[in-house]
Each structure stands twice: as structure tokens, then as C-alpha cells.
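Note that the structure is a prediction, hence the values are computed from the model and not measured. For ligands, and for the atoms within them, numbers begin at 1 and follow the listed sequence.
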Amino acid sequence: MSDDHRPYYITTPIYYVNGRPHLGHGYTTVIADVLARFQRMLRGSGAEVFFLTGTDEHADKVVSTAASRGMTPQEWAGQNAEAFEAFFRDLRISNDDFIRTSQDRHKAKVEAYIRSMLDSGDIYKGDYTGWYDPGQEEYVTETAARENEYKSPVSGEPLEKRTEQNYFFRLSAYQDRLEELIRSEQYLVLPEARRNEVLGRLTQGLRDVPVSRAVGDGASGQEPWGVLMPGDPEHRIYVWIDALFNYLSTVDTDERRHLWPASVHLIAKDILWFHAVIWPAMLMALGRELPRSLYVHAYFMMGERKMSKSLGNFVTPEEIHAYADRYGIDAFRWYLATQGPWGANDADFTYAKFVEVYNADLANGFGNSTSRVSNMVAKYFESCPDPAGQTELEGHDWPKLTGEAVCSAVDASGRLDVASMLKAGLSLVRAVDGYINTTEPFRLAKTIESDPHAGPRLAAILYHCAEALRVASLLLYPAMPDKVAELWRRWRCSPLTDANNADSGFVAPLAELAAWGGAHSLKPGQHIEKGEPLFMRADPAEPEPGVKPAG
Ligand code: ME8
């Protein structure tokens with residue numbers, strides 16, 4: 001997973017284009033971005049990191065919604081795909097490609113994969129009867145249908161009993177191998193609760209799954225929308241099968257083939273089965289390597305219900321924009337990355353919590369600490385002071401403390417524990433605060449005239465504060481690229497290949513960038529610019545930014 005001799009290839013789900021983007025989509029994509037940025041910094045210049053997101057466009061609903069708007073499916077899908085791309089630009093997502101399943105580069109590959117599975121007998125023609133959830137465009141198992149009183153587990157709408165002639169994927173043939181792969185962690189499913197859930201369901205046995213729909217069904221009166229079944233133009237490939245292949249099709253080219261297998265697929269628990277079971281089985285059928293890991297997070301909720309498109313209760317791009325206008329997009333990213341539903345538990349998004357975290361971690365934390373230190377340096381020394389070889393002060397061994405923080409962040413990134421990865425940076429900030437409180441440099445400054453030891457001591461204290469904050473800033477960068485790049489410009493210590501572009505590469509790997517006293521550390525005498533605090537304090541009494549969506 002974190003084997004850094006291999007390229008790092010990370011993906012998000014590709015999102016449905018029949019509705020607008022919302023916080024849930026933003027969440028997974030921001031986390032993927034934080035992990036991708038961390039890996040680029042970890043590996044330094046020439047890092048082979050590939051981050052893919054995109055849109056899933058061949059759903060039947062795209063056809064019906066487009067028709068109701070007097071548009072072609074391609075036009076409607078294009079308009080919404082652009083909305084996702086714009087949303088991700090606003091969120092400062094640094095994806096390397098954006099795959100749309102309606103693109104020829106994808107469709108041609110899907111056709112070839114399906115053809116190969118028809119040839120091998122992994123796909124065959126037969127009859128299928130089952131409970132269909134029209135909202136989700138998927139069949140629900142008999143057990144799941146019964147447990148939910150034959151209603152959609154997502155929308156609560158009634159399920160429909162459907163029979164159709166279909167092509168099937170011989171999933172049942174892969175039962176034992178799948179169980180073995182997931183149990184042995186060759187395909188690592190995280191967190192543990194989700195892995196156990198998959199293993200539990202696998203022991204109930206696997207049925208073959210339909211992988212096609214009749215042309216005309218759900219798309220009547222239109223050109224067939226989707227990828228046609230090779231050799232049988234009466235059938236289209238089921239949107240879910242088409243979609244899963246995006247992870248492979250995008251890199252199945254001469255220039256990119258070495259990127260496969262993916263290091264990490266990130267998803268939420270709604271689409272666990274497709275990714276934990278059907279996807280690896282199809283890859284086995286194709287004789288391809290399996291992705292290294294699948295991370296399955298929980299849901300952002302609004303009160304008791306999952307935030308979702310079909311329920312219309314989501315935080316919109318406009319609302320997120322309003323937060324960004326007031327607090328900066330980096331603050332929003334920080335909140336998502338540290339407070340979101342990572343792991344097995346759902347999380348609520350609330351304004352009160354946002355303000356609390358913003359003030360504690362950013363305004364009173366990172367922002368205050370960097371501005372306190374910049375101000376003291378400017379006031380007492382004008383430029384970066386000289387520590388004169390001292391490394392341990394008041395029991396604080398800063399080279400060791402910063403080294404440990406970096407190790408802890410790297411470890412956490414390997415476990416995909418994003419919050420702990422970022423907290424390693426924040427805890428260094430807190431350590432600097434505590435250190436300022438015990439050493440009281442502002443008090444020491446008053447004795448410079450009378451005490452000959454006070455000046456060198458003050459210089460050493462402030463140097464250590466600044467250098468520790470510089471190391472902390474590296475660990476905070478993946479969540480807050482723009483604010484951190486701003487600090488690096490002010491302190492003349494940017495490790496970016498272009499200091500004015502927070503998305504440019506890193507000149508060296510993290511181990512070198514973070515080395516105390518190394519080539520990238522703060523140099524005595526260099527300019528340290530004061531500037532405005534990076535984050536202004538938020539007033540909890542102020543009303544929430546933006547407007548709530550209607551309904
Ligand atoms: O399922 N909380 O697309 P989709 C957290 N096209 N994450 C959420 C969320 C919430 N309330 N709501 C959505 C599809 N997400 C298929 C995927 S992949 C080959 C095909 C995020 O538009 C989360 O990542 O419904 C979830 O898995 C995804 O959006 C579903 O997006």
C-alpha cells in the first residue's frame with residue numbers, strides 16, 4: 001500500500017451525472033486529494049502519483065432527465081460532468097485525469113474487456129428475475145429485499161419485481177478465491193468492520209450477476225445510451241459494470257499501463273459490494289492484477305438521514321462556496337479531512353462544529369502560532385535568528401520531536417488514517433504553543449539589556465519555534481495547500497518547484513524536506529515576513545454562511 005518503489009495510483013468513485021454534486025462527493029474527493037498530495041510530497045520530484053476521479057454517465061436516468069429537458073443524453077451528461085469538474089476545482093482537487101464513461105477511450109476498452117469475458121465463458125446469456133431498485137438502478141438480493149420490506153434501503157421507495165433476458169457474469173465461480181484474497185488481505189478491505197461484513201456475506205454464497213440490459217429498456221425512443229454488448233446490439237452493458245472498468249480503462253494505455261494495479265480505491269459503504277466482490281472477480285476473469293486496497297468510509301448525515309441526491313438534503317457547491325468565501329477553502333478541506341465520516345462511523349455536518357474546529361485548530365492553532373512566531377522574530381531580530389548550535393531547550397529535543405511527528409504521519413498515511421496523519425502536524429503546532437508558554441520569549445526579550453545570556457537564548461527559542469512550525473506546515477500541506485504555500489512564501493522556505501503554485505511538485509522527498517538542520521531548514525539571517533494571520537477568528541454568533549437549499 002505504501003510501498004514507495006511502486007507508483008501510487010488512487011481513485012474515487014466516478015459520480016453519477018444525473019444530479020448535481022454535493023458534500024458527499026466532495027468529501028471522498030478531498031480525502032483522495034489529501035492522500036495524493038501527501039504521496040507527492042513523500043516521494044519528492046519525479047514522484048509517480050496518479051489520482052483519478054470522474055463521472056459515471058450511462059445511467060438510464062440520464063436519458064429520461066435529458067429528454068424532459070429537451071436535451072440529448074450527451075448534452076445533459078456533459079453539462080453535469082462540467083459541474084463536477086468545476087466543483088472539484090473549487091475544492092482545490094489535484095486530480096491527474098478526469099474520466100467520463102461516455103468518452104470513446106473508455107467505451108472501446110469496456111467493449112474489449114467484455115468481449116474477452118464472453119470468449120472465456122465468464123459472461124453467458126440467461127434469464128433473470130429479481131427485485132429491482134429503480135432509484136439506485138440495481139437489483140437487491142432476496143434477503144436484502146425481505147429485510148427492507150421490499151422497499152429501497154436507500155430511498156424507501158417500493159422495489160419492482162423484474163424478469164429479463166440478460167448476460168450474466170459467472171461470479172459464483174470466484175467465491176473461494178475472493179474469500180481467500182480478502183481474508184489473506186491480498187486485497188485489503190478497510191476498515192475491519194467492512195472487511196468482516198464482506199466476508200460474512202461471502203459465506204452466504206454468490207449468485208451470478210446480470211451485466212446487461214435490453215436496449216430500449218429505460219432508453220426508448222433514443223439512440224442506445226451506453227456500451228452495446230459485443231455481437232448483440234439488442235443489449236447494453238449494465239451501467240455498474242461499465243462504470244467499474246473506469247479504474248482500469250483510464251490507465252490501460254501504453255504510457256500508463258505500469259500504473260496498474262491501483263494502490264487505493266476510496267468509496268463509501270453504499271457501493272461496497274460492487275467494489276469488494278464484483279470488481280475483483282471481474283479482474284480475475286480478465287487475468288489482471290488486483291488493486292492493493294479498498295477503503296470504505298461511512299456517510300455524512302444531515303440529522304438522521306444520509307445526505308444524498310435522491311433525498312435532496314445535501315450541502316451544495318454554492319453553500320460550500322459561501323463557507324470558502326468566509327473561512328477559505330483550506331479551512332473547509334481541513335474540516336472534511338479531520339471531522340468527516342472516515343472509518344466505520346457516520347458523521348454530521350454542522351455549522352457549530354465547523355466553527356469550533358476552525359477556531360481551535362486553525363485560528364487559535366496553526367494561524368495563531370505562525371503569526372505569534374513571525375511577529376516575535378520581526379520584533380526582536382528582523383530576520384531568522386541564529387540558534388547557535390543549541391538543539392535541546394527546556395527538555396524539548398526539537399529534532400527528535402519533529403522527526404517523530406513526520407514518522408507518525410508517514411505511518412498513518414500507510415494505514416490510510418488521514419485524520420491521524422494531519423493531527424501529527426497539528427500536535428507539533430500545539431507543542432510549539434506549549435513551548436512558548438513555558439519559555440516565555442516575550443518576557444525574556446525584556447531582559448536582553450541586563451542579561452548577556454538572554455539574547456542568544458531568545459534567538460535559539462524562536463529559531464526552534466519557527467523551524468518546528470516549518471516541519472508542521474509540511475504535514476499540514478496536504479489538507480491546506482494554499483495557506484501553507486502562503487506561509488512558505490512569507491518565510492522564504494518553499495519546497496515547491498514553483499513557490500507561487502501550490503500544485504507544483506516538491507524539490508525533494510519529505511525525509512529531506514523535514515530534516516532538522518538539513519538543506520531545506522530555515523537559515524539564520526533569512527527574511528521572515530509578518531503578514532496577516534493565516535486564519536481570522538470566527539465569531540460563533542454570526543449566522544451560517546450561504547443559504548439552505550429549498551425543502
Ligand atoms: O454510486 N457521505 O455514484 P454516486 C459520504 N456512480 N460520501 C458520500 C455521500 C455521503 N452522504 N453521498 C455520496 C455511484 N458520497 C456510482 C459509483 S464507481 C465505479 C460508480 C460519495 O454519485 C461516496 O464516495 O451515487 C459514495 O460512494 C459516492 O459518493 C457515490 O456517488
Side-chain angles (χ1 to χ4, degrees), residues 10-33 35 52-62 77 80-81 83-84 87-88 91 93 98-102 106 110 113 133 135-138 152-155 194 211 226 237-250 262 264-280 282-283 291 294-317 320 335-337 339-349 418:
I10 184 165
T11 68
T12 71
I14 50 169
Y15 305 108
Y16 284 132
V17 282
N18 47 295
R20 306 201 52 232
H22 61 73
L23 179 70
H25 308 125
Y27 175 65
T28 316
T29 315
V30 163
I31 298 287
D33 187 65
L35 288 166
L52 180 68
T53 187
T55 42
D56 181 356
E57 307 196 353
H58 290 141
D60 289 352
K61 271 185 282 185
V62 171
N80 284 314
F84 274 92
F87 181 46
F88 294 158
L91 286 170
I93 302 302
F98 190 94
I99 182 75
R100 297 181 50 193
T101 54
S102 65
H106 171 76
V110 170
Y113 302 144
D133 181 345
Q136 295 303 105
E137 304 205 20
E138 66 187 33
S152 162
V154 178
S155 66
R194 297 282 93 82
V211 294
I237 293 158
Y238 175 40
V239 62
W240 253 108
I241 301 304
D242 168 359
L244 284 166
F245 281 125
N246 89 89
Y247 305 125
L248 181 62
S249 71
T250 307
V264 191
H265 291 315
L266 298 187
I267 58 165
K269 58 190 177 182
D270 49 348
I271 53 180
L272 173 64
W273 189 249
F274 284 105
H275 285 81
V277 175
I278 297 175
W279 177 227
M282 290 202 301
L283 287 168
L294 174 69
Y295 194 99
V296 189
H297 64 74
Y299 295 146
F300 254 123
M301 308 289 280
M302 290 288 263
E304 295 289 291
R305 310 208 68 178
K306 179 193 171 200
M307 194 178 288
S308 88
K309 212 145 34 193
S310 43
L311 297 173
N313 61 346
F314 43 82
V315 176
T316 62
I320 294 173
Y335 182 86
L336 296 190
Q339 308 297 321
W342 205 241
N345 299 323
D346 295 339
D348 253 332
F349 180 87
V418 180

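Ring geometry, F88 versus F98: the interplanar angle falls from 30° to 60°, so the pair is classed tilted. Aromatic ring orientation, H275 versus H265: perpendicular (interplanar angle above 60°, classes split at 30° and 60°).
Atoms of ligand 1 lying under 4.0 Å from at least one heavy atom of T28, given by number and element, are 21 (C), 23 (C), 24 (O). Close approach of ligand 1 to H25 is summarised as follows: ligand atoms under 4.0 Å from at least one heavy atom of the residue are 22 (O), 29 (O), 31 (O). Counting the atoms of ligand 1 from 1 in the order shown, those under 4.0 Å from a heavy atom of H297 are 5 (C), 7 (N), 24 (O). Close approach of ligand 1 to D56 is summarised as follows: ligand atoms under 4.0 Å from at least one heavy atom of the residue are 6 (N), 16 (C), 20 (C). Ligand 1 places these atoms under 4.0 Å from at least one heavy atom of P13: 18 (S), 24 (O), 27 (O). Close approach of ligand 1 to A298 is summarised as follows: ligand atoms under 4.0 Å from at least one heavy atom of the residue are 5 (C).
Not a single donor-acceptor pair under 3.5 Å links the side chain of T55 to the backbone N or O of V17. Under the 3.5 Å distance criterion, the side-chain polar atoms of K61 are matched with a main-chain donor or acceptor of G135. Judged purely by atom type and a 3.5 angstrom limit, Y295 uses its side chain to pair as donor or acceptor with the backbone of G343.
Contacts of Y27 classified as ring-ring contact (aromatic ring centres under 6.0 Å, His included), with partners at least two apart in sequence or in another chain: H297, F300. Partners of Y335 according to the ring-ring contact (aromatic ring centres under 6.0 Å, His included) rule, which considers only residues two or more places apart in sequence or in another chain, are F349, F354.
The closest heavy-atom contact to atom 22 (O) of ligand 1, among the options Y16, F84, Y299, comes from Y16. Looking at Y15, F300, Y27, it is F300 that brings a heavy atom closest to atom 10 (C) of ligand 1. Taking all heavy atoms of G24, A243, A347 into account, the minimum distance to atom 8 (C) of ligand 1 is reached by G24.
The proximity of P341 to ligand 1, defined as any non-hydrogen pair under 4.0 Å, does not occur for either the backbone or the side chain. Contacts of T12 with ligand 1, taken as heavy-atom pairs under 4.0 Å, are absent altogether.
Contact check for N80 versus Y16: no side-chain heavy atoms found under the 4.5 Å cut-off. Residues M282 and I241 form a side-chain contact, since some pair of their non-hydrogen atoms from C-beta on lies under 4.5 Å apart.
Residue F274 places no heavy atom under 4.0 Å from ligand 1. In this structure, G340 has no heavy atom closer than 4.0 Å to ligand 1. Judged by the shortest distance from any of its heavy atoms, H275 lies inside the 4.0 Å radius around the atoms of ligand 1. Within the 4.0 Å heavy-atom cutoff, W279 does not count among the residues contacting ligand 1. Residue contacts with ligand 1 include H22, since one or more of its heavy atoms lies under 4.0 Å from the ligand.
With no hydrogens or angles considered, a side-chain donor-acceptor pair links Y15 and T29 at under 3.5 Å.
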